[in-house]
Amino acid sequence: MPIMTKLAHEFHEPVLLAIIGGTGLYSLAALKPIAKLIISTPWGEPSSPITIARTSSGFPIAFLARHGPHHDLLPSDVPYRANIAALKGLGVKVILAFSAVGSLREHIKPRDFVVPNQIIDRTKGIRSSTFFCKGFVAHAGFGEPFDPKLNKLIGDHCREILQGDGVKLHTKETEGKDVILVCMEGPAFSTRAESQLYRSWGGDVINMSCIPESKLAREAEIAYQMICMSTDYDSWNESEEPVTVEQVVGNLKANTDNAHRVAEKLIDLLEPKIKSGEIGGDLDGSMKFSVSTKKPARDRRAAIKMHYLFPNYWPLE
Ligand SMILES: CSC[C@H]1O[C@H](OP(=O)(O)O)[C@H](O)[C@@H]1O
Ligand SMILES: Nc1ncnc2[nH]cnc12
């Protein structure tokens, strides 16, 4: 008979590191949960309750399942703003976001890991993709959409822990060029012509979830890196069957241990680096002076919402 422990519903310490789990990653096996938080934000409720766990040294980590614990949210319906706002409200400075991706390159094989450093946005404008609005206009820099320090840390330390027949880690360093993640709307996969077009643009991998998650993290001044696991060859290869969910899920299941291994390694490495401020502080203050709307013209309701993200930036008059 399993022993059921009751999880706390409140947690009052800052949580600096969060993991967002994508398709196939709905919890983190190695971390024992101590709290399950149901959070409401000015942008609604996150995809799932946020689980808090501690490392052996007591460092708290937040875990959020992007599509909900039972995967009942389409990529277009994920409440991205609520997810990022809830993590920001907990004090999160660093997000590692896992994602299942299709490969647009022959040499990026199913089950390989990919750490992209660039994005091409092919979503259709139907997702709420900014915290800002009429009456509270601001612009975040997004030229480098991922955190370069997280990107390098993963490239430097995760290669040797991947197991399996020839499973590789692809980064800007290994590819000798930008590693480009195309984010499409879905939920149907790409046509062959679209898949070939993305290849001609230089795209390396494709998913449906990186936008607006990465943009919102940037607006919230949170260091963010997506860690992609290749699950299929999308639809570009005329001599192969186009991608199916069975392929995606099959490869994810077979490779879950690698995802857990990568997460555990990174948690260990990040704990001291986040505590010391070496990682996670580079965006501090970046949004403070990027609001264009003059104070008298600011919308009060928008300002109250923004206060949730940045209680110290723009005092409510
Ligand atoms: C089930 S295949 C398509 C689905 O998989 C990826 O999900 P996630 O990024 O959350 O791992 C992709 O983005 C699509 O949402
Ligand atoms: N081929 C593909 N296209 C978009 N998202 C995906 N996630 C996994 N495989 C994918």
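Index from 1, following the sequence. All figures in this text were calculated on a predicted structure; none of them were measured in a lab. Note that ligands are numbered from 1 as they come in the structure, with each ligand's atoms numbered from 1 the same way.
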A.B. asks: Name the option, out of Gly22, Ala100, Ser209, that contains the heavy atom nearest to atom 6 (C) of ligand 1.
C.D. replies: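 Selected option, by shortest heavy-atom distance: Ala100.
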
A.B. asks: Do any nitrogen or oxygen atoms of Ala100 lie less than 3.5 angstrom from nitrogen or oxygen atoms of ligand 2?
C.D. replies: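 Min N/O separation from ligand 2 is below 3.5 Å for Ala100.
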
A.B. asks: Using a distance-only test with no angle check, is there a side-chain donor-acceptor pair under 3.5 angstrom linking Asp112 and Ser230?
C.D. replies: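 There is no such pair between these side chains.
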
A.B. asks: What atoms of ligand 2 come within less than 4.0 Å of a heavy atom belonging to Asn207?
C.D. replies: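 Answer for ligand 2: 4 (C), 5 (N).
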
A.B. asks: Could you tell me, atom by atom, which parts of ligand 2 come under 4.0 Å of a heavy atom of Asp232?
C.D. replies: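 The list of qualifying atoms is 1 (N), 2 (C), 8 (C), 9 (N), 10 (C).
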
A.B. asks: Tell me which one of Val78, Ile206, Thr23 gets a heavy atom nearest to atom 4 (C) of ligand 1.
C.D. replies: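 Result: the heavy atom closest to atom 4 (C) of ligand 1 is in Thr23.
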
A.B. asks: Does a donor on one side chain and an acceptor on the other come within less than 3.5 Å for Asp147 and Gln225?
C.D. replies: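 Not at all, the side chains of Asp147 and Gln225 share no donor-acceptor pair under 3.5 Å.
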
A.B. asks: Could you find the nearest protein heavy atom to atom 12 (C) of ligand 1 and give me its residue, atom name and distance?
C.D. replies: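 Ranked first by proximity to atom 12 (C) of ligand 1 is Met208 N, 3.6 Å.
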
A.B. asks: Closer than 4.0 angstrom, basic N to acidic O: yes or no for Arg105 and Glu175?
C.D. replies: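 The answer is no: the pair does not qualify as a salt bridge.
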
A.B. asks: Who gets closest to atom 4 (C) of ligand 2 by heavy atom: Glu194, Met208, Gln247, Met229?
C.D. replies: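 Result: the heavy atom closest to atom 4 (C) of ligand 2 is in Met208.
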
A.B. asks: Looking only at heavy atoms, is any part of Thr231 under 4.0 Å from ligand 2, and if so is it the side chain, the backbone, or both, or is it neither?
C.D. replies: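 Looking at Thr231 and ligand 2, just side chain atoms fall under 4.0 Å.
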
A.B. asks: What atoms of ligand 1 come within less than 4.0 Å of a heavy atom belonging to Pro75?
C.D. replies: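 Heavy-atom distances to Pro75 below 4.0 Å select 15 (O).
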
A.B. asks: Considering only protein heavy atoms, which is closest to atom 10 (C) of ligand 2, and at what distance to one decimal place?
C.D. replies: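 Answer for atom 10 (C) of ligand 2: Gly102 N, 3.4 Å.
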
A.B. asks: With a 4.5 Å heavy-atom cut-off, do Gln118 and Lys172 have their side chains touching?
C.D. replies: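 Not in contact.
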
A.B. asks: I need the minimum non-hydrogen distance between Ala30 and Glu264, along with the two atoms involved.
C.D. replies: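 Reported closest heavy-atom pair: CB-OE2, 3.1 Å.
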
A.B. asks: If we count only N and O atoms by modelled type, under 3.5 Å, do the side chains of Tyr233 and Gln247 hold a donor and an acceptor together?
C.D. replies: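 Distance-only check fails for Tyr233 and Gln247.
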
A.B. asks: If you count the atoms of ligand 2 from 1 in the order shown, which ones are under 4.0 Å from a heavy atom of Asp234?
C.D. replies: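 Matching atoms, with element in brackets: 1 (N), 2 (C), 3 (N).
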
A.B. asks: What are the atoms of ligand 1, with element, lying closer than 4.0 Å to any heavy atom of His67?
C.D. replies: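 Near His67, meaning under 4.0 Å from one of its heavy atoms, ligand 1 has 7 (O), 8 (P), 10 (O), 15 (O).
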
A.B. asks: Does the side chain of Asp299 reach to within under 4.5 Å of the side chain of Lys134, using non-hydrogen atoms?
C.D. replies: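 Side chain of Asp299 against side chain of Lys134, heavy atoms only: no contact under 4.5 Å found.
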
A.B. asks: Quick check on Ile38: does its CD1 atom have over 12 non-hydrogen neighbours (other residues, nucleotides or ligands) under 6.0 Å away?
C.D. replies: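 No, because the 6.0 Å sphere around CD1 of Ile38 holds 12 heavy atoms or fewer from other groups.
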
A.B. asks: Answer yes or no: does an N/O atom from Val243 fall short of 3.5 Å to an N/O atom of ligand 2?
C.D. replies: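 In fact, backbone or side chain, Val243 has no N or O that close.
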
A.B. asks: Given side chains that start at C-beta, do those of Trp43 and Ile84 come closer than 4.5 Å, heavy atoms only?
C.D. replies: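 A side-chain contact is absent here, since even the closest heavy-atom pair is not under 4.5 Å.
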
A.B. asks: Could you check atom 3 (C) of ligand 1 against the protein and tell me its nearest heavy-atom contact, residue, atom and distance included?
C.D. replies: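 Protein heavy atom at minimum distance: Phe189 CE2, 4.0 Å.
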
A.B. asks: Output the list of atoms in ligand 1 that are nearer than 4.0 Å to some heavy atom of Arg66, sorted by atom number.
C.D. replies: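 So the answer, numbered in order with elements, is 8 (P), 9 (O), 10 (O), 11 (O).
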
A.B. asks: Mind listing the closest non-hydrogen atom pair of Ala263 and Phe98 along with its distance?
C.D. replies: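 Smallest interatomic distance, heavy atoms only, reads CB-CZ, 3.9 Å.
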
A.B. asks: Counting non-hydrogen protein atoms only, what is the nearest one to atom 6 (C) of ligand 2? Give residue, atom name and distance.
C.D. replies: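 Of every protein heavy atom, Ile206 O, 3.7 Å lies nearest to atom 6 (C) of ligand 2.
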
